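Since the structure comes first, as structure tokens, the remarks are kept for the end.
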Amino acid sequence: MRDIKIRVLFATHNSEFKKEIKEHYTTVDRLMNGDDSFDYITGPEIIAKRQFTGAFDSYSNEMYEDDICMVEVLGCCRVSICSFYGVIFHSKDNIEWGIMDCLSEDNGFKVIGNIHQNPEFLENK
């Protein structure tokens, strides 16, 4: 059974009062046991909670929901939902491509960002 990992994106403001998006990683076990140190109640503004899909790209990077991947033959796409056989992807114009097998190491996928920090990657130009 795979770990249920969660990547939390949250906003902070730097010394110049510019908004920055940072990441916090946790697991469901840590949340349930009270071992997670992130302050979800009075802490910074939470932008997104993204679940690990169980899949990795060709460079061994974990793939999370809302990641943006570059696929050699298809271009940019957004990771949507995990299944046991692969991940559902959506194109720039949100057309669902269906489940693709991305569980093998040499799958042609490369995580290049996520829709919260890099929305420009999915803009139709």
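What you see is a predicted model; the values in this text were computed from it and never measured. Atoms considered below: every heavy atom in the structure, side chains included; atoms not considered: hydrogens, waters and symmetry mates. Along the sequence shown, residues carry numbers from 1.
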Nearest 0.5 Å, please: how far is [atom2] in [Y] from [atom1] in [X]?
| X | Y | atom1 | atom2 | answer |
| --- | --- | --- | --- | --- |
| Ile21 | His116 | CD1 | NE2 | 8.5 Å |
| His24 | Leu9 | NE2 | CG | 11.5 Å |
| Lys19 | Thr12 | NZ | OG1 | 9.5 Å |

State, with a plain yes or no, whether a side-chain heavy atom of [X] is found less than 4.5 Å away from one of [Y].
| X | Y | answer |
| --- | --- | --- |
| Ile46 | Val8 | yes |
| Tyr64 | Lys5 | yes |
| Ile6 | Arg50 | no |
| Glu23 | Gln117 | yes |
| Glu45 | Phe10 | no |

Between the side chain of [X] and the main-chain N/O of [Y], is any donor-acceptor distance below 3.5 Å?
| X | Y | answer |
| --- | --- | --- |
| Asn61 | Val111 | no |
| Asn14 | Glu16 | yes |
| Thr53 | Met63 | yes |
| Asn118 | Asn114 | yes |

Exercise for review: Would you check, one step at a time, whether the test side-chain contact (heavy atoms from CB on, under 4.5 Å) holds for Leu31 with Tyr40?
Suggested key: CA-CA 11 Å; Leu31 291 170; Tyr40 291 91; 3.8 Å; yes
Check your understanding: With the threshold set at 4.0 Å, does a side-chain nitrogen-carboxylate oxygen contact exist between Arg30 and Asp36?
Key -> yes
Point to revise | Worked verdict on Ile4 versus Gln51 for side-chain contact (heavy atoms from CB on, under 4.5 Å) | key: CA-CA 7 Å; Ile4 300 177; Gln51 185 175 338; 3.8 Å; yes
**Study point:** Smallest separation among heavy atoms of Ala11 and Pro44, with atom names
**Key:** O-CB, 3.1 Å
Exercise for review: Establish, for the pair Arg7 and Tyr25, whether the NZ or CZ atom is under 6.0 angstrom from the six-membered ring centre and no further than 45 degrees off its axis.
Suggested key: no
